[in-house]
Amino acid sequence: IFVDVVEKLEKIYTENDKNDEMNFYYAKSIALYGSLLFAIKQYDKAYSLIFNAYKIVELVSNDIEEKIETLAYLSFSLGNILFQADVNDEAKKYFVKSINICNDYNFDSKFEIMHLAYNYLSQLQVCIKDYDEAIETINQYFEVTKDLFIGDEYNYVCGEFNFRIGLIYNKF
């Protein structure tokens, strides 16, 4: 069913004028399909769709309000796909790109994307046995976010990150 939907989307997209809105919503649609493929571990196909979505969104003008937020999310998603597929060097680049977007811009899901990107980056560093760098990444999160976020959810994330630092010291 999803293949049919994507084929219909591609047909509509190719048969119409491409303006920023058309490009943006087409990119979001194929990214959603990529996310579904990721969920069933079809990493190559998921990566291809989300990468294409990212490239399309990059070309959209900054007049589209959700552009930056979408780029941050897609960067994180690309990093996550690559991390799950054990392509760690490339995954790291996308996590860092997502973090940099979060550091440079404000948008609705900044807290969520930022803590996920830092979290997955530190997990990747632990997986490749770069324990000092993992701890540094978590400490960087604390430093960057201490004046940005407040509340129970932020405190929970900080508590979880402190727990992970303890695990790293304890296990490794």
Side-chain angles (χ1 to χ4, degrees), residues 24 27-28 30-32 34-41 43-44 46-58 60 62 64-172:
F24 185 72
K28 284 186 74 167
I30 63 171
L32 179 60
S35 295
L36 294 170
L37 291 171
F38 172 74
I40 59 172
K41 299 181 181 347
Y43 299 135
D44 289 342
Y47 179 84
S48 178
L49 284 169
I50 294 175
F51 181 79
N52 288 337
Y54 183 90
K55 289 300 185 186
I56 293 168
V57 172
E58 273 188 319
V60 169
N62 290 337
I64 300 291
E65 190 174 311
E66 296 174 64
K67 175 184 177 175
I68 299 300
E69 182 173 17
T70 302
L71 288 173
Y73 171 75
L74 293 174
S75 294
F76 169 75
S77 295
L78 289 167
N80 191 18
I81 292 167
L82 292 166
F83 179 41
Q84 300 307 317
D86 293 322
V87 185
N88 293 326
D89 288 341
E90 284 298 308
K92 182 177 179 179
K93 291 176 189 175
Y94 282 111
F95 290 142
V96 169
K97 184 181 279 192
S98 184
I99 289 167
N100 289 338
I101 293 169
C102 290
N103 284 330
D104 292 343
Y105 298 95
N106 288 316
F107 47 86
D108 290 341
S109 62
K110 178 176 180 159
F111 170 73
E112 179 182 355
I113 294 171
M114 187 176 238
H115 92 261
L116 287 172
Y118 273 102
N119 180 12
Y120 278 65
L121 177 58
S122 68
Q123 287 182 45
L124 181 151
Q125 292 160 332
V126 168
C127 286
I128 62 172
K129 299 179 179 9
D130 195 349
Y131 308 117
D132 290 335
E133 193 66 28
I135 291 169
E136 179 57 35
T137 295
I138 294 170
N139 284 328
Q140 182 185 32
Y141 174 82
F142 295 143
E143 184 61 33
V144 168
T145 62
K146 68 182 178 193
D147 296 326
L148 289 177
F149 307 118
I150 58 171
D152 291 342
E153 196 171 358
Y154 176 66
N155 291 336
Y156 174 79
V157 169
C158 289
E160 179 69 25
F161 279 178
N162 276 308
F163 176 74
R164 287 179 188 216
I165 288 173
L167 282 177
I168 293 168
Y169 278 119
N170 183 47
K171 284 183 149 183
F172 309 110

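Index from 1, following the sequence. Since we're looking at a predicted model, the values are computed, not measured.
Here Lys55 contributes atom NZ and Leu74 contributes atom CG; the two are 11.5 Å apart, rounded to the nearest 0.5 Å. Here CG of Leu82 is found 14.5 Å from NZ of Lys92. Values are rounded to the nearest 0.5 Å. The structure places OH of Tyr131 at 12.5 Å from CG of Leu167, a figure rounded to the nearest 0.5 Å. Residue Glu90 holds its CD atom at 4.0 Å from NZ of Lys93, rounded to the nearest 0.5 Å. We find the OG-NZ distance between Ser35 and Lys28 to be 11.0 Å, quoted to the nearest 0.5 Å. Remark: Ile135 CD1 to Asp130 CG distance equals 10.0 Å, nearest 0.5 Å.
Ile81 has its side chain out of reach of Phe51: every pair of non-hydrogen atoms, C-beta onward, lies at least 4.5 Å apart. With a 4.5 Å cut-off on side-chain heavy atoms, Gln125 and Phe95 do not count as touching. Using a 4.5 Å heavy-atom cutoff, the side chains of Ile165 and Tyr169 are in contact. Looking at Val157 and Phe161, their side chains come closer than 4.5 Å, going by heavy atoms from C-beta outward.
Taking a 6.0 Å sphere around CD of Glu65, one finds it holds 12 or fewer heavy atoms contributed by other residues, nucleotides or ligands. Surrounding CZ of Phe172 are more than 12 heavy atoms belonging to other residues, nucleotides or ligands, all under 6.0 Å away.
A search for ring pair (Phe, Tyr, Trp, His ring centres under 6.0 Å) contacts involving Phe24 returns nothing, not counting sequence neighbours. For Ile40, the side chain to side chain contact (heavy atoms under 4.5 Å, CB included) criterion is met by Leu37, Gln42, not counting sequence neighbours. Scanning for ring pair (Phe, Tyr, Trp, His ring centres under 6.0 Å) contacts around Phe142 gives an empty result, with sequence neighbours left out. The side chain to side chain contact (heavy atoms under 4.5 Å, CB included) test applied to Asp86 returns no partner, not counting sequence neighbours.
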Donor-acceptor pairs are to be reported for all side-chain atoms of residues 99-107 against protein atoms at under 3.5 Å, with residues two or more places apart or in another chain.
from, atom 1, to, atom 2, distance (Å)
Asn100, ND2, Val96, O, 3.4
Asn103, ND2, Ile99, O, 3.4
Asn106, OD1, Lys110, NZ, 3.0

Quiz: residues 112-122 side-chain donor-acceptor pairs under 3.5 angstrom, not counting sequence neighbours:
from, atom 1, to, atom 2, distance (Å)
His115, ND1, Phe111, O, 3.2
His115, ND1, Glu112, O, 3.4
Asn119, OD1, Gln123, NE2, 2.8
Asn119, OD1, Arg164, NH1, 2.5
Ser122, OG, Tyr118, O, 3.3
Ser122, OG, Asn119, O, 2.8

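Under the 30°/60° scheme for interplanar angles, the aromatic rings of Phe38 and Tyr43 are found to be tilted.
Using a distance-only test at 3.5 Å, with no hydrogens or angles considered, no donor-acceptor pair links the side chain of Ser98 to the main chain of Tyr94. Of the possible donor and acceptor atoms, none in the side chain of Ser48 sits under 3.5 Å from a partner among the backbone N and O of Asp44.
With no hydrogens or angles considered, a side-chain donor-acceptor pair links Tyr154 and Thr145 at under 3.5 Å.
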